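Input: a single structure, listed below in structure tokens.
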Amino acid sequence: MANRYDPQTAEPKWRAAWEAADLYRTKSPEEAGDAPKAYVLEMFPYPSGRLHMGHVRNYAIGDVIARHKRAKGYNVLHPMGWDAFGMPAENAAIERKVDPREWTYSNIAAMKAQFAKLGLSLDWSREFATCDPEYYGEQQRLFLKFLEKGLVYRKASKVNWDPVDHTVLANEQVIDGRGWRSGALVEQRELTQWFCKITDYAEDLLASLDTLDQWPEKVRTMQANWIGRSEGLQMRFAWTGRAPRDFKDGIEVFTTRPDTLFGASFIALSPDHPLTHQLAARNPDLKAFQKACARVGTSEEAIEKAEKVGFDTGLSVKHPFEDRTLPVWVANFVLMGYGTGAIFACPAHDQRDLDFARKYDLPVTPVVCPPDADPEKFDVADDAYTGPGTIIRSDFLNGLAIESAKAGASDRIEALEAGARTVNFRLRDWGISRQRYWGCPIPVIHCDTCGVVPVPESDLPVRLPEDVSFDQPGNPLAHHPTWSSVKCPICSADARRETDTLDTFVDSSWYYARFASADDLEERAQWMPVDQYIGGVEHAILHLLYARFFARAMRDVGELDVASGEPITGLFTQGMVTHETYQTGDGRWVSPDDIERQGDIVIERGTGDPVSIGAVEKMSKSKRNTIDPDAMIGTYGADVARFFTLSDSPPDRDVEWTQSGVEGAARFAQRAWSVFDAMPEAAATNPATGASDLRRLSHKSVVAIDKAVETFRFNSAVATLYEWIGAIKKAEATAAIEDRVEACSQLARCLVLFMPHLAESCWARIGGESLVAAAPWPEIDDALLVDDTVTLPIQVNGKRRSELRAAKDTAPKDIEAAALADPEIAPFLDGKTVKKVIVVPGRIVNIVAV
RNA sequence: GCGGGCGUGAUGGAAUUGGUAGACAUACCGGACUUAAAAUCCGGAGGCUUAACCGCCGUGCGGGUUCGAGUCCCGCCGCCCGCACCA
């Protein structure tokens with residue numbers, strides 16, 4: 001029986017050794033000396049209670065980076081904590097009568113035990129959970145600083161209200177117009193809520209995206225689209241008749257196409273526009289129309305299918321340049337949330353306006369003529385013209401291109417004092433109030449005489465009460481008999497504590513700063529920004545945008561010293577872990593653990609029901625296609641589980657989990673181990689010298705792995721490991737012992753990035769000093785990276801016909817001569833004349849012959 | 001509709017950025033070991049043709065640039081992801 005590596009005994013041993021050596025603790029500035037810093041962070045997990053393969057992949061990727069940086073001499077900060085507030089804890093409380101706090105902390109304990117088995121190089125000394133009062137107390141302090149600076153504020157806004165659960169729902173929690181839990185029809189309610197003034201930073205958040213050159217292009221464009229900057233003109237149309245109350249000066253609209261003003265055909269108001277409300281108060285038909293629009297709901301298909309409908313208010317306004325009037329309609333396609341909630345419509349050049357105009361028989365006047373069309377006759381039918389062209393039928397704008405016409409029209413409107421150029425953003429302020437228990441309490445007090453009063457800093461943290469009941473719907477904090485009753489800090493009168501809590505996205509918007517230091521702003525500044533952040537692409541917009549906002553806001557209240565305001569220098573978004581799905585004839589999903597292959601057919605173990613193999617999908621409980629990391633670790637060890645998530649696909653793409661792939665990874669581990677069979681201790685041999693094939697290959701392999709790791713091409717690094725190991729094995733009989741010891745020593749130090757426990761066992765076999773997890777990256781002899789002789793393919797007219805071995809510095813003319821003399825190519829030159837010979841030194845020779 | 005990405009053997013994917021396409025792995029086939037199987041080790045393999053060598057074809061499709069194109073340019077086709085009545 002060959003000597004086999006046994007992960008079950010080796011892995012716990014090495015984890016204990018790492019812990020005893022305190023290897024992964026972040027070094028203090030004194031210990032670190034002038035070593036550069038590297039802050040490596042993976043998105044911290046929600047403590048659901050169990051680790052899944054997505055976690056394993058995420059943290060394995062981060063661990064490769066952290067270990068590599070450490071070996072390269074960086075002082076590495078690689079912390080871990082828990083994103084611990086949120087609805088699942090409350091749902092558990094409602095469904096199973098467990099305390100959310102106990103539920104959360106016991107989940108954390110369970111997951112931490114699972115984490116321990118993975119052998120990640122984490123510094124746990126900085127661990128915290130966002131539900132720790134120390135953490136959310138600090139967050140409350142930040143909230144009050146933001147409040148003081150006007151970065152958070154209260155306003156009334158429309159929210160999704162679930163009338164059964166008595167709570168506000170996020171848009172994501174509304175499915176087809178119904179609450180995701182209660183199934184009740186969601187109402188739009190006007191509530192007073194807290195908001196973060198993220199729009200103050202819209203311009204900078206957009207412009208600075210260009211500086212984030214270590215972020216995926218995709219994420220940057222998604223954020224840019226989300227922020228949605230557009231330049232245009234905000235202008236006023238004056239009334240023809242009596243002006244409605246509150247709108248004496250006319251109706252304000254925003255447009256990006258002032259060049260089409262002469263094609264304006266009507267004004268359209270949003271059904272939610274204040275003027276619509278005012279008019280609806282006296283007009284039951286309009287009120288009914290408004291209601292009908294609201295019912296269409298917020299679901300995307302509903303919006304897509306919704307036909308354009310409108311209501312003529314009977315009012316009209318004057319055209320700013322011409323002696324004519326425009327009717328004012330209410331139209332369902334105009335959004336209150338963008339611009340002013342009102343538009344002027346130019347149907348010839350906007351599809352929505354055109355659909356509406358055709359339906360209600362409103363005028364359509366083209367004013368932009370395409371380059372190849374006849375200006376006298378140009379007209380539109382069912383398709384609006386949105387392309388480039390020349391302005392026509394537009395008085396002083398005639399003959400101009402679109403851009404100049406925009407400027408001309410804007411100048412004129414500004415001269416008439418009827419409006420001004422403005423920039424509009426799609427981004428809206430971030431609503432952070434939640435009518436929930438398991439979140440960070442908002443630290444303010446409502447007093448009838450003093451208004452909104454901040455909780456004095458000495459009273460922080462405002463702790464969540466522990467004696468809450470979940471037996472009625474809604475927010476337990478609001479139902480608590482005493483918690484919200486307090487005295488006003490200013491006038492001491494009876495007052496009420498705010499019972500809303502903060503959106504959990506707030507918790508994760510600044511945790512990176514807290515990891516850098518619990519309370520020392522200077523230490524925070526030393527570590528920030530995060531050098532490498534790793535997580536799922538599903539956070540491309542919300543979390544990552546909020547984090548960028550928070551870093552700026554913290555900077556501006558003096559809580560974080562990052563000049564650029566960018567908290568994250570490098571971002572990597574990893575792909576998902578997928579698996580085949582299995583389903584019985586009656587549509588029941590079957591777990592991979594319960595299937596059995598019998599020849600070509602697949603059956604469910606136990607029942608014997610035939611099972612069909614379905615699509616490869618993200619591992620999920622509902623499809624039952626999950627693989628439990630604990631079970632994997634129990635069978636194959638943590639190294640194999642980690643290695644497999646990195647080896648098959650590039651880390652930014654999805655990886656399909658397969659049994660055979662895992663077995664391949666396990667085979668690799670044994671193969672790597674066997675390379676170290678019968679190796680002497682490194683100290684017992686002389687240092688390797690010379691330039692044997694093995695030495696050349698080993699040094700090249702180290703460089704290849706180094707480069708691949710730096711560029712997140714882990715699958716390529718793994719391929720290099722396979723080849724290298726194969727070569728070392730082949731060289732066992734032939735290579736000098738010194739060269740083999742060197743190769744093994746280098747191999748262990750590369751292997752430790754991916755399979756740290758195994759590498760440690762290998763390292764011990766060659767008597768490596770201390771622990772390989774603490775060893776520096778192998779030193780490379782550059783002279784070994786270039787070969788003395790190279791093999792050059794010889795092409796004739798671009799087709800490879802032969803090859804040539806030559807010393808690396810052979811003169812091109814000698815290579816040319818040797819190539820032409822090659823007997824292999826003679827038949828291909830027969831009857832032809834050589835026109836040209838291209839020699840690319842070290843690469844290729846191409847003979848052009850006709 | 002807008003934006004981003006992708007298309008290479010049976011499969012996941014390589015290809016030093018314009019220089020030998022298919023590294024490495026999985027599945028498959030063959031051999032060794034074994035009473036046998038598993039495990040392990042060794043070997044094979046893009047397609048067509050051939051006894052074999054040779055030869056021809058080959059990176060979604062069609063064109064182009066180049067001595068040379070998976071890579072660059074133009075035009076199509078298909079798939080995935082994100083946003084979406086944003087004026």
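Quick note on labels: first sequence line is chain A, next is B, and so on, each numbered from 1. Computed from heavy atoms alone, side chains included, the values below leave out hydrogens, waters and symmetry copies. Worth saying up front: this structure is predicted, and the values here are computed from it rather than measured.
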In whole angstrom, give me the gap between the [atom1] atoms of [N] and [M].
N: B/G58; M: B/G12; atom1: P; result: 23 Å
N: B/C24; M: B/G9; atom1: C1'; result: 14 Å
N: B/G1; M: B/G46; atom1: P; result: 42 Å
N: B/A37; M: B/G31; atom1: P; result: 11 Å
N: B/C42; M: B/A51; atom1: C1'; result: 26 Å
N: B/C85; M: B/G63; atom1: C1'; result: 40 Å
N: B/G70; M: B/G22; atom1: C1'; result: 11 Å
N: B/C56; M: B/U49; atom1: C1'; result: 8 Å

Base, sugar-phosphate alone, or nothing: which one does [X] contact when heavy atoms must sit under 4.0 Å apart?
X: A/V334; result: base
X: A/K799; result: sugar-phosphate
X: A/Y722; result: sugar-phosphate
X: A/F643; result: nothing
X: A/R801; result: sugar-phosphate

Taking the six-membered ring of A/F356 (Phe, Tyr or Trp), confirm whether the NZ or CZ of A/K308 is under 6.0 Å from its centre and within 45° of its axis.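 The answer is no; the distance or angle limit is not met.
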For A/F828, is the NZ or CZ atom of A/R801 found under 6.0 angstrom from the centre of its six-membered ring and inside 45 degrees of the ring axis?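 A/R801 over A/F828 ring: yes.
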If pairing requires Watson-Crick or G-U wobble contacts with both distances under 3.5 Å, which nucleotide is the partner of [N]?
N: B/U34; answer: none
N: B/A25; answer: B/U11
N: B/G75; answer: B/C61
N: B/U16; answer: none

If we count only N and O atoms by modelled type, under 3.5 Å, do the side chains of [X] and [Y] hold a donor and an acceptor together?
X: A/T578; Y: A/W657; result: no
X: A/T581; Y: A/N625; result: no
X: A/T789; Y: A/K808; result: no

Atom pair distance, as rounded to whole Å: [atom1] in [X] and [atom2] in [N]:
X: A/E663; N: B/U40; atom1: CD; atom2: C1'; answer: 14 Å
X: A/I725; N: B/C41; atom1: CD1; atom2: P; answer: 12 Å
X: A/I541; N: B/G4; atom1: CD1; atom2: P; answer: 14 Å
X: A/E538; N: B/G4; atom1: CD; atom2: P; answer: 22 Å
X: A/E723; N: B/G22; atom1: CD; atom2: C1'; answer: 13 Å
X: A/M222; N: B/C2; atom1: CE; atom2: P; answer: 18 Å
X: A/Q670; N: B/A38; atom1: CD; atom2: P; answer: 19 Å
X: A/E217; N: B/C81; atom1: CD; atom2: C1'; answer: 15 Å

Please determine whether side-chain contact (heavy atoms from CB on, under 4.5 Å) holds for the pair A/D259 and A/K406, giving the CA-CA distance in whole Å, both sets of side-chain angles, and the decisive distance to 0.1 Å. CA-CA 4 Å; A/D259 55 310; A/K406 281 181 183 176; 3.5 Å; yes
Can you tell me if A/H349 uses its side chain to pair, donor with acceptor, with the backbone of A/P366 under 3.5 Å?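 Between the backbone of A/P366 and the side chain of A/H349 there is no qualifying donor-acceptor contact (under 3.5 Å).
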Per-nucleotide protein contact along nucleotides 9-19 of chain B, 5' to 3', at a 4.0 Å heavy-atom cut-off (B base, S sugar-phosphate only, - neither), is ---SSSSB--B
Salt-bridged, A/R220 to A/E217, with N to O below 4.0 Å? yes
Which is more 5' along RNA chain B, the nucleotide nearest A/L335 or the one nearest A/A665? Just name the residue. A/A665
Of A/T256 and A/G664, whose closest RNA chain B nucleotide lies nearer the 5' terminus? A/G664
Nearest-nucleotide pick for [X], side chain only, options being [options]:
X: A/R352; options: B/C57, B/U20, B/C85; result: B/C85
X: A/R426; options: B/G4, B/A87, B/C83; result: B/C83
X: A/K730; options: B/G43, B/U40, B/C85; result: B/G43
X: A/N225; options: B/G3, B/G43, B/U20; result: B/G3
X: A/K218; options: B/G4, B/C85, B/G43; result: B/G4

Tell me, with the steps shown, if A/M632 and A/M53 meet side-chain contact (heavy atoms from CB on, under 4.5 Å). CA-CA 10 Å; A/M632 271 305 128; A/M53 277 303 171; 3.5 Å; yes
Which glycosidic conformation, syn or anti, is assigned to B/U17 if syn requires a torsion within 90° of zero? syn
Syn or anti conformation of B/G9, syn meaning chi within 90° of 0: syn
Between A/W329 and A/F311, does the ring centroid distance fall short of 6.0 Å?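 Not under 6.0 Å, so no.
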Pair of N/O donor and acceptor under 3.5 Å linking B/C85 base with A/K308 side chain: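 Flag set: donor-acceptor pair detected.
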